[in-house]
Amino acid sequence: MSVPLGPSHDAQRFHGHNRFALAVVVVGVMLLGARLTLVQVVRGERYERFAAIERVAKVRAQAPRGLIKGADGTVLARNIESHRLELLTNRIKPERIPEIAKTLRSLLDMTDAERDGLIADLNRPVDPRKRRPLVVRRDLVSTHCPYDSSQLELVSETNYGFCTTCGRYYEPLPKRRACPFDQKKLLAVGDGSGFHCASCDREFLDGDVCPHDHHNIAHGKHILRCPLCRRSFNDEVAVLRANLHRLPEARVVADIQREYPYRYLASHVLGFMGFVSRKELEALGQTSQLGLNDKVGRSGLERALDVTLRGTDGEQVLVRKGGAEEQARDLDELIAAMQPKPAVPGLSVRTTLDLELQRSAKVAMKDVYSGAVVVLDAHNGQVLVMYSKPGFDPNTLSGKRTPQSRTLDEAAAYAPLMNKAVTAFPPASVYKVVTAAAALEEGVVRPTTTFYCGGYLEFGGRRFHCYDRKGHGELDLHEALRNSCDIYFYHLGDLLGLDRLEKYALAMGFGEKTGIEISEAVGRVPNRAWYHDHVKGGYFPGFALSTAVGQKDVTTTPLQIARAFVAISTNGVLPQVSLIRGFETPDGKLTPLPPRPGRSMGLKDATLAFLRKSLVAVVNEEGGTARSARPTVVDIAGKTGTAQAAQRARPEILEKLKDDPVATTRLVNWLQNDHAWFAGYAPTENPEIVVVVFVEHGGSGGHNAAPIAKQVVEAWFARSRVAAPPMDTRKPHPAATAPDLPPTDAAPAATAPLETPAEAPAEPDPNAQPSELLDAPPAPAPHENVPDEGVLDEAPPPPQLAPVPAPKAAPTAPGGPP
Amino acid sequence: MSAWKSLNRPSTWLGLVSVLLLCGIAIENLTFTDTLTGMTYHRTQTIWIVLGLMAAGVVASMDVAFVRKLSPTLYQVVVVLLAAVLVVGREINYSRRWIELGPANIQPSEFMKLSIILMLADYFDRKRANSASLARHLLAPVALMMLPVVLINLEPDLGTSLCVALVAASIILYDGIHGRTLMAGLVVVMLAVPVAWEFGVIRNYQKGRVEAWLSLDEEAVADKRSAQSSQAEQALWAVGSGKFSGRSDGDARSSVLRHLPFLHTDFALAAYAERFGLLGCFFLFGLYAAIVAWALHLADHAQERFDALVAVGVAALIFWQFFINAGMVIGLLPVVGLTLPLVSYGGSSSLTVLLGIGFLVNIATRRKSR
Ligand SMILES: [Zn+2]
Ligand SMILES: [Zn+2]
Ligand SMILES: [Zn+2]
Ligand SMILES: [Zn+2]
């Protein structure tokens with residue numbers, strides 16, 4: 001029942017309320033009108049401009065990264081075009097995931113494990129606002145071989161079968177069921193008509209039906225073939241693009257990939273690239289042009305010169321039309337107002353590396369597990385060779401695909417990422433030149449002063465041995481250096497004391513950075529304060545004796561020794577060592593780095609002359625410890641060193657190697673050996689080069705290091721005397737890129753926590769893809785003691801996902817002289 | 001007095017013509033936005049408008065006593081549906097608002113807008129004699145209001161719950177409360193806002209919108225260089241581009257609105273304002289003002305308390321939605337998910353408003369002459 005609104009109190013009240021409501025409405029509409037006037041009339045012009053800008057997008061124009069070149073201009077690191085496949089996760093409906101995985105599995109030749117990983121990735125719940133495209137493949141094949149980065153050739157070949165459904169290429173099935181490329185046994189696929197070589201990843205087929213999907217095989221298609229490894233490829237980019245209609249959630253994006261054609265040859269000098277981490281971006285702050293999809297140099301020159309190589313990104317103005325972004329052609333005015341900036345390409349770096357000599361060093365080191373060779377130009381301290389073993393393939397670390405998804409590799413136990421040329425180790429007898437120089441400068445002995453070596457010396461209640469237990473008898477300083485008699489130098493150490501030894505070590509450039517462009521260890525020149533802080537019981541005079549022969553706590557890098565030897569062999573001035581000759585603009589103009597002055601060691605000419613004479617004797621006189629290094633082509637001078645360095649294998653490495661007793665035995669035995677050193681220069685008059693060879697746990701300096709130096713010196717002079725033709729700068733030498741290794745079954749091996757040069761910041765690669773890192777070339781069949789060339793060298797770094805452990809100083813030699 | 005005679009007045013014609021013009025603008029505007037979104041919303045909307053006008057005709061000629069009797073039941077049914085939607089509702093854009101009924105999705109919260117008007121009007125009409133009782137006069141209506149508001153906010157649908165709350169509050173205030181109570185109510189609301197802000201009743205994305213609105217500072221964007229603006233900013237640029245008389249080039253593809261989500265719903269006004277400028281917008285505002293004024297006029301001249309309160313409710317429904325939506329598009333208010341009545345795309349919403357218009361016509365036929 002309704003109550004009428006009579007002419008009552010209610011009606012009066014309601015009328016008042018009605019007026020008020022009307023007032024509210026009027027005020028509200030006026031408020032809107034006023035605001036609208038402000039927006040459309042007062043600020044209309046400005047907002048119209050904003051709206052116009054909204055149509056135009058300023059996008060980043062990425063600067064091409066500078067190249068890294070050898071001394072002769074050979075390109076060591078370059079950029080190649082590559083393509084990546086992304087899935088737009090925000091468009092993927094859950095029910096489509098199996099279908100997408102199935103399609104990609106067939107198009108991309110994925111393994112089941114990869115497919116399952118992809119499904120897991122797609123099913124992982126992600127905050128919808130944080131979704132980013134999922135990168136399925138970073139290096140789709142279309143222009144370069146994924147195995148060795150050679151430019152692929154398009155060939156017509158009727159002997160190959162091509163499955164139009166899954167995109168696989170099939171080689172004709174050989175009569176013998178063995179791979180014609182590596183003689184490995186073939187494994188049957190499917191019904192038995194197809195075969196697969198697990199070692200080199202090739203497919204073989206007898207018949208016209210694909211064993212994977214039972215579709216018909218086409219013959220006589222064009223294929224892409226690698227001129228180097230002779231593999232055939234399907235143009236994955238073309239196949240994917242042709243099939244994108246089946247995968248509306250996917251897209252193929254052009255990308256630039258860093259590529260290192262010489263792979264292992266100079267990997268430690270070049271370094272590699274890795275994705276910049278979120279943390280680093282935060283640390284860089286707003287000023288950085290980097291984004292999450294960008295890579296930065298992670299070690300070596302790539303890292304040291306990252307900013308120079310990277311260049312400066314520009315800004316490109318794009319106008320959106322019809323939903324797509326197109327390069328703007330009209331709207332010139334607007335674009336000009338947006339002030340687009342062209343990108344400034346990064347400078348290319350011309351290094352000082354002599355690639356041919358570097359290769360000679362690599363070959364000379366072929367029987368070595370681990371070590372380094374440094375060759376300096378005696379005239380200016382430029383680094384001609386810096387080779388460290390085992391190496392790694394920077395392509396793999398930078399995200400390239402390698403032949404197989406293998407497990408782990410034995411080489412990881414030998415610290416492939418560590419640049420041993422700039423890592424500090426006990427120098428042993430090589431250090432005697434420092435002691436001899438100090439003794440002569442301080443006048444504690446004269447060259448003619450003799451001491452008697454009876455094989456040992458009693459000092460402070462301890463017995464210090466000469467390496468020659470029989471004793472050298474009576475010798476003077478020259479003979480003591482030549483024969484590397486420890487007893488003589490114990491006497492010098494005692495006479496000089498630790499402080500004076502330290503003074504001359506520092507003067508000769510030890511215990512300090514050499515100033516090379518890449519990160520390096522400082523090494524250690526111990527003094528009383530150091531012993532007080534680091535040794536229980538503090539300083540003990542016997543420490544001076546150990547230091548005098550380069551044992552116990554003194555450590556130096558091969559590069560520091562090489563620098564000191566440049567000074568000794570020439571005018572006593574420590575040169576500024578450098579890996580960089582100069583910088584090149586994109587048009588090829590080389591701006592050489594200005595010569596930088598060295599620092600004099602402050603030694604008298606007489607001292608230097610004496611040292612030189614003794615170093616010549618080491619190699620050339622009867623009784624010298626490096627007679628084995630005496631080359632035929634040229635006179636060489638030098639000093640050997642054998643550092644006691646027996647170590648126990650780290651438990652975590654043994655744990656990783658536990659399934660491979662042969663590798664374990666090899667590692668344990670290896671660790672028992674001494675470090676072998678040789679440092680020398682040639683020719684003895686007007687030296688051209690200084691060579692330092694360090695073989696980690698390599699045995700004796702005279703027998704194991706000096707011959708390597710000899711080979712390097714011979715290679716240098718063979719070339720300079722014959723004036724060999726310059727290197728072919730266009731194509732990587734196969735020997736450099738793909739050492740012929742015996743592809744046998746992979747030996748499961750360890751992921752060693754890698755060592756980095758002391759003082760060098762750890763070099764983690766947080767974004768590395770585990771599957772890519774795990775790809776490893778085959779290890780050798782277990783044989784003898786010494787692995788083959790390439791075995792360790794070919795070894796890729798282990799899946800190093802966690803940050804590298806704290807930098808570790810060089811292995812400490814056990815106390816007491818040999 | 002015959003119904004026709006009661007109807008045939010300038011105010012009625014003004015109101016009805018305004019409604020029809022708004023319907024026309026809706027279809028024209030959707031035809032434009034469809035060229036940007038590639039959809040066919042203008043056709044669907046036309047069907048809904050025709051259906052809505054027919055439904056309005058039915059309501060206009062209905063016996064109001066029958067509707068009144070039904071209103072508590074209707075309210076209960078919609079409340080049950082609101083509870084049900086939280087359980088069985090279809091989730092779109094992370095919010096459960098729709099119940100699937102055969103081919104159509106219905107949005108119970110839309111119908112609550114009308115239901116709360118009828119419920120409160122009926123309640124006040126019956127309880128008027130005991131106006132002295134605070135419990136009867138304030139607490140019960142507030143409870144009737146809060147139940148659906150809370151349920152809708154759980155979906156979550158802040159816009160609609162705000163709309164229901166404002167409509168209900170308008171009716172309660174129009175019916176009249178004591179000054180003291182009003183003050184107390186204002187204090188409670190002013191205290192409730194920071195509490196809701198702190199203790200999670202306001203969701204983070206909603207806070208973000210408020211913060212974005214507070215930072216919609218023209219000086220900060222005066223040197224805008226990049227194309228990374230919020231929805232609210234893009235809408236504002238579009239409205240501004242309309243300037244005094246609208247964009248002359250009329251190139252739909254060059255509109256900044258092209259990538260704006262909710263262009264056909266929440267931001268329909270931005271598309272309209274960009275094309276017709278200040279003049280067009282004032283015309284549009286005038287149409288809403290005319291309808292609201294007509295409804296208030298009817299409330300002033302209603303025969304019965306129920307009629308008056310229903311008319312006020314419909315006026316509030318149209319005005320608050322219009323004010324909040326327009327305020328949001330032109331940067332006067334933070335972004336709230338509310339549509340522009342009749343002009344925005346949306347079947348349930350248009351049907352609700354047109355049914356409200358039907359009630360206005362119904363009331364107009366029984367108005368007292370003065
Ligand atoms: Zn196939
Ligand atoms: Zn093979
Ligand atoms: Zn190849
Ligand atoms: Zn001796």
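Labels below follow one simple rule: chain letters A, B, ... track the order of the sequence lines, proteins then strands, and each chain is numbered from 1.
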(request) Count the heavy-atom pairs under 4.5 Å between each of B:Gly277, B:Ala65, B:Ala316 and chain A, then report the option with the highest count. (result) B:Gly277

So do [Y] and [X] actually touch side chain to side chain, heavy atoms under 4.5 Å?
X	Y	value
B:Asp175	A:His17	no
A:Val25	B:Phe323	no
A:Phe20	B:Leu173	no
B:Tyr288	A:Val29	no

Hey, does the side chain of [X] reach the backbone of [Y] with a donor-acceptor pair shorter than 3.5 angstrom?
X	Y	result
A:Gln40	B:Phe244	no
A:Arg35	B:Ile330	yes
A:Asn18	B:Leu296	yes

(message) I'd like to know whether CE of B:Met62 has more than 12 heavy-atom contacts from other residues, nucleotides or ligands below 6.0 angstrom.
(response) yes

Proximity breakdown for [X] and chain A, heavy-atom pairs closer than 4.5 Å:
X	value
B:Val292	side chain
B:Ala273	both
B:Ala326	both
B:Leu309	side chain

(message) To the nearest 0.5 Å, what is the distance between CG on A:Leu36 and CG on B:Leu269?
(response) 7.5 Å

(request) May I ask you to name which of A:Leu32, A:Val39, A:Thr37 has the most heavy-atom pairs under 4.5 Å with chain B? (result) A:Leu32

